[in-house]
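Starting off with a structure, shown below.
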Amino acid sequence: MNLRTLAVLLIAIAPVHDAWAEREDKAVASVQLTDPAGRKVQPLKNHGQKATLLFFLTPDCPLCNSYAPEIARIVGEYEKQGVQSYAIYADEPAKEITRHLREYKLPLTALLDPRLQLATLTGATITPEACLLSPDGQLLYRGRIDDRAVKLGTVRTEPRQRDLRLALDAVLANKKVAEKFTKAIGCYLPTSPKSK
Amino acid sequence: MTSSTRILLLSLILSASAQAEVNFSEHIAPIVFNNCATCHREGQIAPFALTDYASVKKHAKQMVEVTGDRTMPPWHADPGFIEYANDRSLSKDQIALFSDWLAAGTPEGDPAKLPALPVIPEGWQLGKPSQIVTMPEPFTVPAEGNDIYRKFVMPLNLDHDTWVSGVEFHPGDPKVVHHILYYLDSTGKGRQADAADPSPGFGGNGPSNGEMRYIGGWDVGSQPNLLPHGLRWFVPKGSDLVVQIHYHPNGKETTDQSSVGFYYSEEPTARPWSIIPVPPHFGMLQGIEIDAGEKEHIEKATFTIPTDCEAFAVNAHAHYLGKRMEMTATLPDGTTHWMLKTSNWDFQWQEDYTFKQPIKLPAGTRLDVTLSYDNSAENPRNPTHPPKRVIWGTSTTDEMGVITIQVMFNTKEQKDTTHQALRDFLANQMIDRLLEGKESIMDLVGGRRGKSAAKALEAARLPLLALDLDHDGKLTPEERIPAIAFIMAGPFMKNLGAIGFD
């Protein structure tokens, strides 16, 4: 058995590691990624936003794509209320990301996160998965957009609980998010940065 | 290090060294290329390609999950009961290889050992069609919303009767076309409904399925095939092709303009053939009425085949609440065969299951069908929340249910006798439902549900109640003879349309 196999096994059996608990606010605020045009963005820095909303996406994930209209609605409705949204891509070239945003009419800034900095910080593992953060970088919600997807291959015709909207409404009303973590259903984010 | 930790690590190392053998080139690629890549390739229906090491590795964890619970490859017959020729499911050992591969760190192995990706030729798989018809206008599929069922009329303009040995479907946008059904319409009602509907095609109105000739279908993942055993569909001159397309919105608005290739044959069908649906007409007269919240609603139907025949394929149909769909055939000698057994019906996938060898069913063979429905809130596929009472109907929020075998006969008389037995079956069901006063058949007697339908139902019951001489609310076999004649002569049976094929 090589070391890599051992590492994979140990990661698989390790208790869920909440990187968030150990991070420093300063480090969170200084996370710097690039958009598809190559511009540098610090998504978690306090720019005066009421909250920061991250959508982890993959262009070829059917569930991500079927959620595109709802993501677009959420971004539009909550932007007016001061929520800053980003689409986070782990593994795709800039051109592919730009095409994806255009094709699925996703009205938000995309950020390339090949080192999985935001996934590691928030604990996101799935696409589509939403993370809501306070202006000072506290994680307020992580999980599904709603409960429409039950498991891969099984979706409800209509969602019964719109978890992300509930979380956003609670945060904007200065209330505690009732369910901070929900289980997102979809494709898996890579567990280790792309080796180049 | 404690001894228990040491044992844990040791066992991990041992199991890991066994798993390290599993690699992409030798173990995973042969399965994926054969069982997944037909759809999971560039330009095909599946959302992503699985055609090389990088793409399969990227989806490895997901593949462990969906192969493990048999969501993929889509195949809904329970494993281990019946052998089908078109079975695309994976064996337990094959499924285990995916998790072993993931645990081993998804190694590539020796690329020299990689099998060739099966080549699927461009264009028509069955060769150049005799006739290609295309939807006259593109149909717009919205970005999201419920599934769409739409019928499109494509005139064939045939000036003589002919036979068809195969039909091949070319989706305009394969990302949104999920499955289709072909019908031949000689009534002209399809054209009228299309003309009356401002957008391309038409929805719920137009000729009923019973008024048209069903000539098969296509679903995601199935390869076009010529009809087996030299069988042909009859195509009367002047008939229009009506294609019912089931669309899945996939997140972005798109348009579809699909084509159908027809393969005509001057040779007539080698044998008479038809379908035996149990219960007939999608369970229209079964009296399906499912209470809100009912976790396991059971419907049973039994049909005895009056003549010898050979079954070569089977399929099932229900809507979102359908769960268990089972059919057995009990031969006159008492032996029982499974024809179809599925414990997890999924409306999204409507496969034809083709038997490895045609199954001989002697006259007197009994077909027993059990259908179960889950109308509880726990059923994630339940389209209504909170659940509501559901009765038989054609909308996807109504229910229906049938298991259909495709059968060959030796003579036309055998086929006609079987069709007549199916009509008798329906007439008997109609009598039973009228005597029960079932709400679910009000559509048939009253045109719509409600007070006037209730009156019409009462009026339709009266002649039957008059035949019930001993007033026990049931008809004896003797009392049934005039009752069947009465039902057969009435408008109900005529409105139901044809049973089986020409």
Side-chain angles (χ1 to χ4, degrees), chain A residues 1-13 57-73 90-92 99-106 125-128 147-161 185-192 194-195, chain B residues 8-9 12-20 40 46-49 55 57-66 68-72 74 102-107 142-147 175 248-254 320 344 346-349 377 379-386 396-397:
Chain A
M1 183 174 71
N2 58 32
L3 272 176
R4 192 165 159 216
T5 314
L6 179 64
V8 168
L9 276 168
L10 288 178
I11 288 166
I13 60 163
L57 300 177
T58 321
D60 64 1
C61 173
L63 273 169
C64 287
N65 293 338
S66 77
Y67 269 106
E70 172 66 354
I71 292 173
R73 279 190 295 266
D91 211 11
E92 286 77 23
R99 184 199 61 76
H100 186 236
L101 292 177
R102 197 179 52 234
E103 204 174 311
Y104 286 89
K105 299 195 167 109
L106 288 162
T125 54
I126 300 291
T127 68
D147 70 349
R148 191 168 58 86
V150 179
K151 68 182 190 87
L152 292 175
T154 306
V155 291
R156 303 181 202 278
T157 49
E158 290 286 332
R160 295 179 190 176
Q161 189 167 305
I185 307 287
C187 305
Y188 290 93
L189 279 168
T191 46
S192 53
K194 210 172 183 180
S195 49
Chain B
L8 177 68
L9 270 179
L12 279 172
I13 288 164
L14 285 174
S15 65
S17 51
Q19 287 160 354
H40 284 273
F48 46 83
S55 57
K57 183 183 170 180
K58 182 181 173 190
H59 294 281
K61 201 170 168 189
Q62 198 180 352
M63 289 171 81
V64 170
E65 198 170 310
V66 296
D69 70 4
R70 295 189 180 273
T71 299
M72 285 284 153
L102 183 69
T106 61
E144 65 176 341
N146 289 336
D147 294 359
K175 300 293 182 213
H248 270 195
N250 78 334
K252 63 171 175 177
E253 186 180 292
T254 183
Y320 290 112
N344 189 24
D346 186 344
F347 181 62
Q348 304 301 321
W349 302 99
N379 178 3
R381 297 191 182 112
N382 196 333
T384 314
H385 186 72
T396 51
T397 50

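Atoms considered below: every heavy atom in the structure, side chains included; atoms not considered: hydrogens, waters and symmetry mates. Reminder, nothing fancy here: chain letters follow the sequence lines and each chain counts from 1. Quick caveat, the model's predicted, so the values are computed rather than measured.
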Between A:K105 and B:E144, does at least one N-O distance fall below 4.0 Å, as a salt bridge requires?
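B:E144 and A:K105: not salt-bridged.
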Checking B:N250 against chain A: side chain, backbone, both or neither under 4.5 Å from a heavy atom?
both
Considering residues at least two apart in sequence or located in another chain, which fulfil the side-chain contact (heavy atoms from CB on, under 4.5 Å) criterion with B:A49?
B:E42, B:T51
Closest heavy-atom contact between A:Y188 and B:Q62?
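Minimum heavy-atom separation between A:Y188 and B:Q62: CD1-N, 3.7 Å.
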Which heavy atom in A:R160 sits nearest to a heavy atom in B:N379, and how many Å separate them?
NH2-O, 3.6 Å
For the OG1 atom of A:T58 and the NE2 atom of B:H59, what is their distance to the nearest 0.5 Å?
8.0 Å
Residues at least two apart in sequence or cross-chain that pass salt bridge (charged side-chain N to carboxylate O under 4.0 Å, His left out) with A:E103, listed by chain then number, are A:R99, B:K252
Which atoms of B:E65 approach chain A - backbone, side chain, both or neither, heavy atom under 4.5 Å
side chain
Is it the backbone or the side chain of B:D346 that comes under 4.5 Å from a heavy atom of chain A, or both, or neither?
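Only the side chain of B:D346 comes within 4.5 Å of chain A.
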Check A:R148, A:K151, A:R156 against B:P380 for a side chain to side chain contact (heavy atoms under 4.5 Å, CB included) and give me the one that passes.
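The passing option is A:R156.
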Please determine, among A:P62, A:G153, A:C61, the option with the most heavy-atom pairs under 4.5 Å with chain B.
A:P62
Heavy-atom pair of closest approach, residues A:A68 and B:G251:
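Distance-wise, the nearest heavy atoms are CB-O, 4.0 Å.
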What part of B:A377 gets closer than 4.5 Å to chain A, counting heavy atoms only: side chain, backbone, both or neither?
both
Could you give the distance from NE2 (B:H40) to CG (A:D60), rounded to the nearest 0.5 Å?
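Interatomic distance, B:H40 NE2 to A:D60 CG, rounded to 0.5 Å: 10.5 Å.
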How far does NE2 of B:H248 sit from OG of A:S66, to the nearest 0.5 angstrom?
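It comes to 11.0 Å.
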Enter the distance from B:K61:NZ to A:L189:CG here, rounded to the nearest 0.5 Å.
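If I round to the nearest 0.5 Å, the distance is 9.5 Å.
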Show your working on side-chain contact (heavy atoms from CB on, under 4.5 Å) between B:N146 and A:E158 and close with a plain yes or no.
CA-CA 8 Å; B:N146 289 336; A:E158 290 286 332; 4.3 Å; yes
